[in-house]
K.L.:
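Supplied in structure tokens, the structure appears directly below.
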Protein chains: 2
Amino acid sequence: MDERRTAAIFKAFCDENRIRIIKLLRSGEKCACKLLEEIHVTQPTLSHHMKILCDAEIVVGRKEGKWIHYSISEKGVEQAKECLRQLTTLDINGKNGPCREK
Amino acid sequence: MDERRTAAIFKAFCDENRIRIIKLLRSGEKCACKLLEEIHVTQPTLSHHMKILCDAEIVVGRKEGKWIHYSISEKGVEQAKECLRQLTTLDINGKNGPCREK
DNA sequence: AAAATATATTGACAATTTTCTATATGATGC
DNA sequence: GCATCATATAGAAAATTGTCAATATATTTT
């Protein structure tokens with residue numbers, strides 16, 4: 001995975017309001033208006049955060065009439081975990097050996 | 001874990017240059033000057049990124065003479081993984097039930 | 001002690017992100 | 001159709017972050 005996509009995934013988790021939104025979604029699907037009651041931002045600001053979360057594929061929206069029900073995307077979360085794993089597991093046989101001073 | 005700390009941990013992973021730095025450290029400990037050769041930023045900028053990575057405890061620095069050898073902190077990485085897990089696992093028995101329209 | 005090397009800090013500027021107000025779109029109900 | 005409700009978009013302001021040049025600190029070398 002490229003650095004740009006990796007950054008986008010973790011950007012989902014690096015704003016305090018988005019973290020609160022994700023926490024609210026842990027207990028199940030919620031519509032934007034319900035989230036708006038809990039998160040103290042204006043409606044357009046919430047909409048902006050939901051877009052970032054959806055673009056990162058951490059959250060998915062299900063449209064039903066005039067509502068959008070948001071929920072945590074199990075698939076997206078697995079991708080984030082896998083991404084974190086790949087980024088942080090030591091690569092013993094990598095091309096770059098340890099740093100030796102010249 | 002509070003939202004502030006959670007955000008700080010994931011901020012480590014949401015800048016493309018920091019992601020490159022972490023990738024370089026996968027193959028083992030490297031001194032800042034070595035990292036500087038690979039990442040195309042000035043020395044103060046690299047220093048700034050290393051501070052963010054160390055504050056988030058994803059990376060640790062080991063001082064040896066005038067060098068600082070940076071490496072991925074296994075402990076910090078485990079904390080990040082645990083944090084991601086806690087944040088994203090569904091909470092079936094949580095206090096907030098599913099969203100029901102009024 | 002002076003020069004050289006590695007890294008950190010300061011302060012300014014640029015880029016990006018978060019937030020808001022105002023307005024638009026799209027769906028439902030009268 | 002018109003009013004209402006839920007969400008999105010546009011555009012601007014505020015806050016935060018990333019970057020650099022200049023300078024400081026700490027260590028080693030001569």
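Proteins come first, then strands; the chains are lettered A, B, ... in the order of their sequence lines, and each starts at number 1.
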K.L.:
What pairs with A:Lys66 under salt bridge (Lys or Arg N to Asp or Glu O under 4.0 Å), at least two apart in sequence or on another chain?
P.N.:
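Scan of A:Lys66 (salt bridge (Lys or Arg N to Asp or Glu O under 4.0 Å), adjacent residues dropped) gives none.
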K.L.:
Check nucleotides 12-15 of chain D against the protein and report each pair of N or O atoms closer than 3.5 Å, with its distance, or say if there are none.
P.N.:
none

K.L.:
Report the residues that fulfil salt bridge (Lys or Arg N to Asp or Glu O under 4.0 Å) with A:Lys81, sequence neighbours left out, ordered by chain and then residue number.
P.N.:
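Salt bridge (Lys or Arg N to Asp or Glu O under 4.0 Å) check on A:Lys81 returns A:Glu78.
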K.L.:
What is the distance, rounded to the nearest whole Å, between atom CG of B:Asp55 and atom C1' of D:dT17?
P.N.:
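B:Asp55 atom CG is separated from D:dT17 atom C1' by 14 Å.
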K.L.:
In whole Å, what is the span from the CG atom of A:Leu36 to the P atom of D:dA8?
P.N.:
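Answer to the nearest Å: 11 Å.
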K.L.:
What residues form a salt bridge (Lys or Arg N to Asp or Glu O under 4.0 Å) with B:Arg85, not counting sequence neighbours?
P.N.:
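Here the qualifying residues are B:Glu82.
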K.L.:
Whole angstroms only, please: what is the CD1-C1' distance between B:Ile39 and D:dC20?
P.N.:
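My rounded result for the distance is 17 Å.
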K.L.:
Can I get a per-line list of side-chain donor-acceptor pairs under 3.5 Å for residues 18-25 of chain A, giving both atom names and the distance, sequence neighbours left out?
P.N.:
| unit_1 | atom_1 | unit_2 | atom_2 | d |
| --- | --- | --- | --- | --- |
| A:Arg18 | NE | A:Lys11 | O | 3.3 |
| A:Arg18 | NE | A:Ala12 | O | 3.3 |
| A:Arg18 | NH1 | A:His49 | ND1 | 3.1 |
| A:Arg18 | NH2 | A:Lys11 | O | 2.8 |
| A:Arg20 | NH1 | A:Asn17 | OD1 | 2.8 |
| A:Arg20 | NH2 | A:Glu16 | OE1 | 3.4 |
| A:Lys23 | NZ | B:Met1 | O | 3.4 |
| A:Lys23 | NZ | B:Glu3 | OE2 | 3.1 |

K.L.:
Scan residues 14-22 of chain A against DNA chain C and write down, sorted by residue number, each residue with any heavy atom closer than 4.0 Å; if none is found, say none.
P.N.:
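The stretch gives A:Asp15, A:Asn17, A:Arg18 as the residues lying under 4.0 Å from the strand, ordered by number.
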K.L.:
Tabulate below the donor-acceptor pairs under 3.5 Å that side-chain atoms of residues 39-47 of chain B make, not counting sequence neighbours, or state none.
P.N.:
| unit_1 | atom_1 | unit_2 | atom_2 | d |
| --- | --- | --- | --- | --- |
| B:Thr42 | OG1 | B:Thr45 | OG1 | 3.1 |

K.L.:
Mind calculating the distance between NZ (A:Lys11) and P (C:dT16) to the nearest angstrom?
P.N.:
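Roughly 9 Å, once rounded to whole Å.
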K.L.:
Would you call A:Leu90 and B:Glu74 a side-chain contact if the rule is heavy atoms closer than 4.5 Å?
P.N.:
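Contact flag for A:Leu90/B:Glu74 side chains = yes.
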K.L.:
Looking at every heavy atom in both B:Lys30 and B:Ser27, which two are closest together, and how far apart are they?
P.N.:
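Closest approach of B:Lys30 to B:Ser27, heavy atoms only: NZ-OG, 2.9 Å.
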K.L.:
What pairs of residues pass the salt bridge (Lys or Arg N to Asp or Glu O under 4.0 Å) test when at least one of them lies in residues 49-60 of chain A, not counting sequence neighbours?
P.N.:
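The answer is A:Arg5-A:Glu57, A:Lys51-A:Asp55.
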K.L.:
Within this structure, what is the NE2-to-P distance between A:His69 and D:dT7, rounded to whole angstrom?
P.N.:
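About 8 Å, once rounded to whole Å.
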K.L.:
Contact class for A:Ile52 (heavy atom, under 4.0 Å): base, sugar-phosphate, or nothing?
P.N.:
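Result for A:Ile52 = sugar-phosphate.
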K.L.:
Within residues 40-48 of chain A, which residues have any heavy atom lying less than 4.0 Å from an atom of DNA chain D?
P.N.:
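Output list: A:Gln43, A:Pro44, A:Ser47.
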K.L.:
State which residues pass ring pair (Phe, Tyr, Trp, His ring centres under 6.0 Å) with B:Phe13; sequence neighbours excluded, sorted by chain then number.
P.N.:
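Counting only residues at least two positions away or on another chain, B:Phe13 forms a ring pair (Phe, Tyr, Trp, His ring centres under 6.0 Å) with A:Phe10.
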K.L.:
In whole Å, what is the span from the CG atom of A:Leu35 to the P atom of D:dA8?
P.N.:
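Answer to the nearest Å: 11 Å.
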K.L.:
What string of B, S and - do you get for nucleotides 24-30 of chain C, 5' to 3', if B is base contact, S is sugar-phosphate-only contact and - is no contact with any protein heavy atom under 4.0 Å?
P.N.:
---SS--
K.L.:
Write down the distance between CZ (A:Arg62) and P (D:dT7), rounded to a whole number of angstrom.
P.N.:
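After rounding, the reported distance stands at 12 Å.
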K.L.:
Please check the phosphate of D:dT17 (OP1 and OP2 only) for any side-chain N or O of B:His49 closer than 4.0 Å.
P.N.:
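So the side chain of B:His49 is outside the cut-off, no N or O lying under 4.0 Å from OP1 or OP2 of D:dT17.
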